[in-house]
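Notes follow once the structure below has been shown.
Chain identifiers are assigned alphabetically (A, B, ...) following the order of the sequence lines, protein sequences preceding nucleic acid strands; residue numbering begins at 1 within each chain. Computed from a prediction, not measured in an experiment: that's the story for all the values here.
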Number of protein chains: 2
Amino acid sequence: MLTERQQDTLDFIRNYLNEHNKAPLISEISKGLGIVSQGTTHRYIQALVDQGYIERLVGRTRGLRLIDDNTESDETFSLKLPYMGKVAAGRLIEAVPDESEIDLGDMFSGKDRFVLKVNGDSMIDKAIMSGDYVVMQAQLTANHGDIVLALVDFHDATLKTLLINDDGTLTLQPANDNYDPVTLPADRVMIQGVVVGQLRTYP
Amino acid sequence: MLTERQQDTLDFIRNYLNEHNKAPLISEISKGLGIVSQGTTHRYIQALVDQGYIERLVGRTRGLRLIDDNTESDETFSLKLPYMGKVAAGRLIEAVPDESEIDLGDMFSGKDRFVLKVNGDSMIDKAIMSGDYVVMQAQLTANHGDIVLALVDFHDATLKTLLINDDGTLTLQPANDNYDPVTLPADRVMIQGVVVGQLRTYP
DNA sequence: TGAAATGTTAACCGAACGGCAACAAGATAC
DNA sequence: GTATCTTGTTGCCGTTCGGTTAACATTTCA
């Protein structure tokens with residue numbers, strides 16, 4: 001069982017790996033968690049190793065690896081569609097077919113991901129319409145500017161842009177001028193995940 | 001596992017090969033990485049060889065070759081993500097987890113489908129942003145109101161809403177007030193497909 | 001009150017990095 | 001062919017930075 005900060009550490013490492021395709025430095029984890037001491041961070045990492053969440057290549061910088069917890073045991077999915085290049089939605093340009101593929105598996109699969117259907121138009125200025133699906137990465141922390149699923153007062157879930165204010169409060173900002181941003185103390189807001197993808201089908 | 005500078009070296013070599021169609025000199029790599037000593041660079045190259053990223057033709061200048069890392073697996077099909085219900089993007093509502101799944105394969109796979117990357121913002125009012133991908137169903141006809149990939153005068157491809165006018169002409173209508181619709185006789189417009197889906201990833 | 005979780009400081013060690021120099025091996029000029 | 005230049009190879013050195021460990025302080029909670 002992980003303690004709170006151990007969980008935060010694991011989340012941060014996962015997040016970092018997703019974004020950078022390499023493991024973070026201990027100092028980067030420390031900074032990300034708001035810890036001054038690398039020694040403290042090191043202890044958390046050691047706890048994660050002891051409990052089998054991650055492994056490490058001893059003595060190497062960035063020597064952290066996640067251990068796949070594939071209890072699901074489904075094989076690697078990959079839905080590939082032919083990729084035909086770019087098309088201008090602005091002006092008319094020549095269509096240049098490109099003999100490659102894009103893999104929806106690569107785009108959307110990942111650990112701890114789930115899908116929500118969006119209801120309402122408050123994110124319309126970010127081109128997320130009512131009826132769209134969003135792919136969420138479940139995590140407890142997020143960065144300034146991320147689109148997050150936030151639980152307010154342990155009761156109300158909402159999809160908003162997260163702004164982290166200097167005074168420690170958080171602002172949940174809709175992307176629609178008809179709605180007003182809400183600013184709350186951090187302890188009333190629980191991040192449940194960040195948006196990593198969005199999809200829509202047309203009838 | 002590559003160290004940071006080893007990765008930089010590999011990136012540089014890849015880049016150089018792309019641009020010049022020949023391998024770089026060690027001195028060129030050094031310069032590119034901001035290293036004075038060729039000996040240092042040579043050590044990085046040796047590390048890349050040892051780890052199987054590149055091979056070399058010994059004793060030859062520019063004797064570097066990339067080794068194809070085709071660890072790709074095929075076998076397509078269903079990518080399922082857990083579906084967690086609806087969330088309000090408008091007002092705050094309760095999150096009701098829903099224990100079902102959504103299958104991207106069902107949503108997007110099909111006969112004669114392909115993907116385009118959208119460049120430009122002319123469809124922004126339909127919540128299709130520059131950088132989004134659209135899934136197209138290849139077909140030669142379309143209905144009034146469909147978003148289509150249209151080839152104009154056998155030359156210019158564009159993504160627009162198709163309007164079929166009473167007089168037999170077609171109007172290609174952007175979803176952006178900054179752009180003007182174009183009305184053309186039907187024989188100058190060739191429908192290449194209609195949009196059946198749209199996807200986007202966030203960094 | 002005592003154990004667990006959290007945080008800090010400081011010291012130590014080795015990996016990663018970079019420079020220098022001597023040398024070997026092709027390439028080029030003559 | 002020989003001389004010379006360019007390029008590649010190797011070993012050795014020092015510096016910096018990141019990872020590790022230990023000792024100690026503070027907070028939380030049962």
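When each of A:Gln46 and B:Leu25 is assigned the nucleotide of DNA chain D with its nearest heavy atom, B:Leu25 is the one assigned upstream, toward the 5' end. Nearer the 5' end of DNA chain D, as judged by each residue's closest nucleotide, is the contact made by B:Ile26, out of A:Gly39 and B:Ile26.
Taking atom CD on B:Gln38 and atom P on C:dA22, their separation rounds to 16 Å, with Å as the unit. For the pair A:Lys22 NZ and D:dG18 P, the computed distance is 12 Å after rounding to whole Å. As a whole-Å value, the separation of A:Ile45 CD1 from C:dA5 P is 17 Å. Nucleotide C:dA5 holds its C1' atom 15 Å from the CD atom of A:Gln7, rounded to whole Å.
The OH atom of A:Tyr202 sits 5.5 Å away from atom CD of B:Gln198, with the distance rounded to the nearest 0.5 Å.
Within a 6.0 Å sphere centred on CG of A:Asp177, heavy atoms belonging to other residues, nucleotides or ligands number 12 at most.
Residues that satisfy the ring-ring contact (aromatic ring centres under 6.0 Å, His included) test with B:His20, not counting sequence neighbours, are B:Tyr16.
A heavy-atom distance below 4.5 Å is found between the side chains of B:Ile147 and B:Met123. Counting heavy atoms from C-beta outward, B:Ile45 and B:Ile29 have side chains that approach closer than 4.5 Å.
Across all strands shown, B:Gly63 has no heavy atoms under 4.0 Å from either base or sugar-phosphate atoms.
Closest contact between the side chain of A:Arg43 and the listed nucleotides D:dA23, D:dG19, C:dG19 involves D:dA23. Closest to the side chain of A:Arg56, out of D:dT20, C:dG18, C:dG7, is D:dT20.
Considering only side-chain N and O atoms, B:His42 lies nowhere under 4.0 angstrom from the phosphate OP1 or OP2 of D:dG8.
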Atom pairs, N/O to N/O, protein against nucleotides 14-16 of chain C, distance under 3.5 Å?
none

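B:Glu28 and B:Arg62 are joined by a salt bridge, as a carboxylate oxygen and a charged side-chain nitrogen come within less than 4.0 angstrom of each other.
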